[in-house]
Amino acid sequence: MRYDLIIFDNDGVLVDSEPISNTILAAYLTELGHPTTYEESLHDYMGAAVHRVHDLVKERTGQLLPEAFEATLHARVFEAFERELEPVAGVSEVLGKLTADGTPYCVASSGSHERIRVGHRTTGLDEWFEEEWIFSSQDVGQGKPAPDLFLHAARAMGVPPERCAVIEDSPLGVQAAVAAGMDVYGFTAMTPAAKLTAAGRVTGLFARMEELPALLA
(Lines give C-alpha, C1' and ligand atoms only; values in the text may rest on other atoms or scores of the structure.)
Protein backbone atom coordinates (compact mmCIF):
# COMPACT_ATOMS: atom_id res chain seq x y z
CA MET A 1 0.00 0.00 0.00
CA ARG A 2 1.52 3.33 -1.04
CA TYR A 3 -0.60 5.41 1.37
CA ASP A 4 -0.55 5.72 5.14
CA LEU A 5 -4.24 6.68 5.41
CA ILE A 6 -7.33 6.13 3.26
CA ILE A 7 -10.04 8.77 3.82
CA PHE A 8 -13.51 7.75 2.68
CA ASP A 9 -16.35 10.10 1.91
CA ASN A 10 -19.53 8.62 3.38
CA ASP A 11 -22.65 9.31 1.30
CA GLY A 12 -22.43 7.48 -2.00
CA VAL A 13 -19.07 5.91 -1.15
CA LEU A 14 -19.71 3.89 2.01
CA VAL A 15 -23.50 4.02 2.15
CA ASP A 16 -25.78 4.18 -0.89
CA SER A 17 -27.62 7.21 0.44
CA GLU A 18 -27.50 9.80 -2.33
CA PRO A 19 -30.61 8.60 -4.23
CA ILE A 20 -32.61 8.51 -1.00
CA SER A 21 -31.48 11.82 0.48
CA ASN A 22 -31.63 13.80 -2.77
CA THR A 23 -35.11 12.51 -3.59
CA ILE A 24 -36.28 13.69 -0.16
CA LEU A 25 -34.41 17.02 -0.36
CA ALA A 26 -35.84 17.83 -3.80
CA ALA A 27 -39.36 17.02 -2.67
CA TYR A 28 -39.02 19.06 0.54
CA LEU A 29 -37.63 22.12 -1.25
CA THR A 30 -40.45 21.87 -3.79
CA GLU A 31 -42.96 21.61 -0.95
CA LEU A 32 -41.51 24.83 0.51
CA GLY A 33 -42.01 26.70 -2.76
CA HIS A 34 -38.55 26.19 -4.27
CA PRO A 35 -39.20 23.77 -7.16
CA THR A 36 -36.29 21.35 -7.37
CA THR A 37 -35.89 18.15 -9.37
CA TYR A 38 -33.91 15.14 -8.21
CA GLU A 39 -31.31 15.87 -10.90
CA GLU A 40 -30.99 19.49 -9.74
CA SER A 41 -30.55 18.36 -6.15
CA LEU A 42 -27.72 16.03 -7.17
CA HIS A 43 -26.06 18.79 -9.19
CA ASP A 44 -26.33 21.48 -6.54
CA TYR A 45 -26.03 19.64 -3.24
CA MET A 46 -24.40 16.23 -3.65
CA GLY A 47 -21.36 16.07 -1.39
CA ALA A 48 -22.16 19.34 0.41
CA ALA A 49 -23.09 20.17 3.97
CA VAL A 50 -26.67 21.30 4.57
CA HIS A 51 -25.64 24.95 4.95
CA ARG A 52 -25.11 24.98 1.17
CA VAL A 53 -28.86 24.45 0.73
CA HIS A 54 -29.56 27.50 2.88
CA ASP A 55 -26.94 29.54 1.03
CA LEU A 56 -28.10 28.69 -2.50
CA VAL A 57 -31.80 29.22 -1.75
CA LYS A 58 -31.06 32.63 -0.23
CA GLU A 59 -28.74 33.56 -3.10
CA ARG A 60 -31.27 32.57 -5.76
CA THR A 61 -34.52 33.74 -4.18
CA GLY A 62 -33.61 36.11 -1.38
CA GLN A 63 -35.68 33.94 0.95
CA LEU A 64 -34.67 32.07 4.08
CA LEU A 65 -35.60 28.47 4.67
CA PRO A 66 -37.69 27.74 7.79
CA GLU A 67 -35.90 27.53 11.12
CA ALA A 68 -36.91 23.88 11.41
CA PHE A 69 -35.64 23.01 7.92
CA GLU A 70 -32.66 20.93 9.02
CA ALA A 71 -34.53 19.07 11.76
CA THR A 72 -37.39 18.20 9.41
CA LEU A 73 -35.06 17.18 6.58
CA HIS A 74 -32.98 14.98 8.86
CA ALA A 75 -36.06 13.34 10.37
CA ARG A 76 -37.38 12.46 6.91
CA VAL A 77 -34.01 11.23 5.68
CA PHE A 78 -33.31 9.13 8.77
CA GLU A 79 -36.77 7.54 8.59
CA ALA A 80 -36.09 6.58 4.97
CA PHE A 81 -32.62 5.29 5.88
CA GLU A 82 -34.14 2.90 8.41
CA ARG A 83 -36.36 1.45 5.67
CA GLU A 84 -34.16 1.55 2.59
CA LEU A 85 -30.47 2.25 3.16
CA GLU A 86 -27.87 -0.27 2.02
CA PRO A 87 -24.08 -0.21 2.07
CA VAL A 88 -22.38 0.48 -1.24
CA ALA A 89 -21.81 -2.88 -2.93
CA GLY A 90 -18.37 -4.27 -2.17
CA VAL A 91 -17.36 -1.71 0.44
CA SER A 92 -17.30 -4.15 3.36
CA GLU A 93 -14.84 -6.27 1.44
CA VAL A 94 -12.63 -3.23 0.79
CA LEU A 95 -12.68 -2.26 4.48
CA GLY A 96 -11.91 -5.86 5.39
CA LYS A 97 -8.89 -5.91 3.08
CA LEU A 98 -7.56 -2.61 4.46
CA THR A 99 -7.97 -3.98 7.99
CA ALA A 100 -6.21 -7.23 7.11
CA ASP A 101 -3.36 -5.29 5.47
CA GLY A 102 -3.01 -2.98 8.47
CA THR A 103 -3.77 0.15 6.43
CA PRO A 104 -5.42 2.89 8.52
CA TYR A 105 -8.64 4.41 7.22
CA CYS A 106 -11.33 6.83 8.35
CA VAL A 107 -14.45 8.62 7.12
CA ALA A 108 -14.69 12.38 6.51
CA SER A 109 -18.21 13.41 5.57
CA SER A 110 -20.14 16.60 4.88
CA GLY A 111 -22.99 14.98 6.80
CA SER A 112 -23.55 15.42 10.51
CA HIS A 113 -22.18 12.97 13.07
CA GLU A 114 -25.72 11.75 13.63
CA ARG A 115 -26.27 11.12 9.92
CA ILE A 116 -23.01 9.18 9.64
CA ARG A 117 -23.81 7.01 12.64
CA VAL A 118 -27.43 6.35 11.63
CA GLY A 119 -26.22 5.24 8.21
CA HIS A 120 -23.48 3.02 9.57
CA ARG A 121 -25.69 1.44 12.20
CA THR A 122 -28.46 0.75 9.68
CA THR A 123 -26.10 -0.85 7.16
CA GLY A 124 -23.85 -2.68 9.62
CA LEU A 125 -20.80 -0.62 8.67
CA ASP A 126 -20.43 0.53 12.27
CA GLU A 127 -18.44 -2.64 12.95
CA TRP A 128 -15.67 -1.27 10.73
CA PHE A 129 -15.29 2.19 12.32
CA GLU A 130 -13.98 3.18 15.72
CA GLU A 131 -15.39 6.44 17.12
CA GLU A 132 -12.07 8.23 16.62
CA TRP A 133 -12.10 7.36 12.92
CA ILE A 134 -15.27 9.38 12.18
CA PHE A 135 -15.05 13.02 11.07
CA SER A 136 -17.84 15.40 10.07
CA SER A 137 -18.04 18.88 8.61
CA GLN A 138 -19.46 19.76 12.04
CA ASP A 139 -15.89 19.46 13.33
CA VAL A 140 -14.50 22.30 11.20
CA GLY A 141 -15.38 25.83 10.17
CA GLN A 142 -15.90 25.12 6.48
CA GLY A 143 -17.14 22.03 4.71
CA LYS A 144 -16.23 20.81 1.23
CA PRO A 145 -15.03 22.20 -1.20
CA ALA A 146 -12.76 23.77 1.44
CA PRO A 147 -9.91 21.41 2.46
CA ASP A 148 -10.52 21.89 6.20
CA LEU A 149 -12.31 18.59 6.86
CA PHE A 150 -9.75 16.39 5.12
CA LEU A 151 -6.86 18.24 6.76
CA HIS A 152 -8.55 17.86 10.15
CA ALA A 153 -9.00 14.12 9.61
CA ALA A 154 -5.38 13.63 8.54
CA ARG A 155 -4.10 15.65 11.49
CA ALA A 156 -6.25 13.69 13.96
CA MET A 157 -5.06 10.39 12.46
CA GLY A 158 -1.43 11.56 12.58
CA VAL A 159 -0.72 11.34 8.86
CA PRO A 160 0.72 14.08 6.57
CA PRO A 161 -1.66 15.13 3.75
CA GLU A 162 0.69 13.91 1.04
CA ARG A 163 0.50 10.38 2.46
CA CYS A 164 -3.32 10.30 2.27
CA ALA A 165 -5.69 9.04 -0.42
CA VAL A 166 -9.27 10.32 -0.52
CA ILE A 167 -12.14 8.29 -1.97
CA GLU A 168 -14.82 10.64 -3.33
CA ASP A 169 -17.85 10.62 -5.59
CA SER A 170 -18.68 14.33 -5.83
CA PRO A 171 -17.00 17.29 -7.56
CA LEU A 172 -17.09 19.24 -4.28
CA GLY A 173 -15.21 16.42 -2.56
CA VAL A 174 -12.63 16.24 -5.34
CA GLN A 175 -12.02 19.97 -5.02
CA ALA A 176 -11.56 19.62 -1.26
CA ALA A 177 -9.12 16.73 -1.55
CA VAL A 178 -7.01 18.48 -4.20
CA ALA A 179 -6.97 21.66 -2.10
CA ALA A 180 -5.76 19.58 0.84
CA GLY A 181 -2.82 18.29 -1.20
CA MET A 182 -4.06 14.71 -1.19
CA ASP A 183 -4.45 12.16 -3.97
CA VAL A 184 -8.10 11.56 -4.79
CA TYR A 185 -9.78 8.56 -6.39
CA GLY A 186 -13.12 9.21 -8.06
CA PHE A 187 -15.97 6.72 -7.66
CA THR A 188 -18.10 6.96 -10.80
CA ALA A 189 -21.08 4.80 -9.80
CA MET A 190 -23.34 7.87 -9.68
CA THR A 191 -21.22 10.73 -11.00
CA PRO A 192 -19.86 10.78 -14.57
CA ALA A 193 -16.08 10.60 -14.70
CA ALA A 194 -15.92 13.83 -16.69
CA LYS A 195 -17.57 15.77 -13.85
CA LEU A 196 -15.06 14.47 -11.33
CA THR A 197 -12.02 15.13 -13.49
CA ALA A 198 -13.30 18.61 -14.32
CA ALA A 199 -13.31 19.40 -10.58
CA GLY A 200 -9.58 18.79 -10.12
CA ARG A 201 -6.66 16.43 -10.55
CA VAL A 202 -7.99 12.90 -10.02
CA THR A 203 -5.37 10.20 -9.48
CA GLY A 204 -7.65 7.36 -10.52
CA LEU A 205 -11.23 6.52 -11.43
CA PHE A 206 -13.26 3.40 -10.67
CA ALA A 207 -16.85 2.31 -11.17
CA ARG A 208 -17.00 -0.69 -8.79
CA MET A 209 -15.62 -0.94 -5.26
CA GLU A 210 -13.85 -4.18 -6.13
CA GLU A 211 -11.51 -2.14 -8.35
CA LEU A 212 -10.30 0.16 -5.56
CA PRO A 213 -7.68 -1.98 -3.74
CA ALA A 214 -5.65 -2.47 -6.92
CA LEU A 215 -5.65 1.29 -7.56
CA LEU A 216 -4.34 2.00 -4.06
CA ALA A 217 -1.64 -0.67 -4.10
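In this text, all values refer to a predicted model and were calculated from it rather than measured experimentally.
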Legend entry - Stepwise salt bridge (Lys or Arg N to Asp or Glu O under 4.0 Å) test for Glu131 and Arg117: CA-CA 10 Å; Glu131 278 293 311; Arg117 285 163 174 78; 2.6 Å; yes
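- Using a 3.5 Å distance cut-off with no hydrogens or angles, the side chains of His51 and Glu70 do not pair a donor with an acceptor.
- Checked against ring pair (Phe, Tyr, Trp, His ring centres under 6.0 Å), Trp133 has the following partners two or more places apart in sequence or in another chain: Tyr105.
- The closest side-chain heavy-atom distance from Phe150 to Cys164 is not below 4.5 Å.
- Looking at heavy atoms from C-beta onward, Val159 lies out of side-chain contact with Pro104 at the 4.5 angstrom threshold.
- Taking both residues in full, the closest heavy atoms of Arg201 and Val178 are given as O-CG2, 3.5 Å, listed atom of the first, atom of the second, then distance.
- A salt bridge is defined here as a Lys NZ or Arg NE, NH1 or NH2 lying under 4.0 Å from an Asp or Glu carboxylate O, and Lys97 with Glu210 fails to meet this definition.
- The two residues Asn10 and Ile116 come nearest to each other via the heavy atoms ND2-CA, 4.1 Å.
- The structure places NE2 of His43 at 14.0 Å from OH of Tyr38, a figure rounded to the nearest 0.5 Å.
- Pairs passing the side chain to side chain donor-acceptor pair (under 3.5 Å) check and including a residue from residues 172-186, sequence neighbours excluded, read Arg2-Tyr185, Tyr3-Asp183, Tyr3-Tyr185.
- For the residue pair Asp11 / Ser17, a side-chain donor-acceptor distance below 3.5 Å is found, with atom types taken as modelled.
- Contact of the Phe135 side chain with the His113 side chain is not registered, since no non-hydrogen atoms from C-beta on lie closer than 4.5 Å.
- Ionic pairing of Asp9 and Lys144 is present here: one or more N-O contacts between side-chain nitrogen and carboxylate oxygen are shorter than 4.0 angstrom.
- Within the structure, salt bridge (Lys or Arg N to Asp or Glu O under 4.0 Å) pairs that include any residue of residues 17-31 comprise Glu31-Arg76 (at least two apart or interchain).
- Placement of Leu172 and Val50 in two distinct hydrophobic clusters is found when ILVMFWY residues are connected by side-chain heavy-atom separations under 4.5 Å, directly or transitively.
- Between Asp55 and Arg60, no side-chain nitrogen of the basic residue sits less than 4.0 Å from a carboxylate oxygen of the acidic one, so the salt-bridge criterion is not met.
- With respect to the salt-bridge test (charged N to carboxylate O, under 4.0 angstrom), the residues Glu127 and Arg121 do not qualify.
- Counting heavy atoms from C-beta on, the side chains of Thr191 and Met46 come closer than 4.5 Å.
- Defined by atom type and a distance below 3.5 Å, a donor-acceptor pair is missing between the side-chain atoms of Arg115 and Ser136.
- Note that CG of Leu149 is 11.0 Å distant from CD of Gln138, once rounded to the nearest 0.5 Å.
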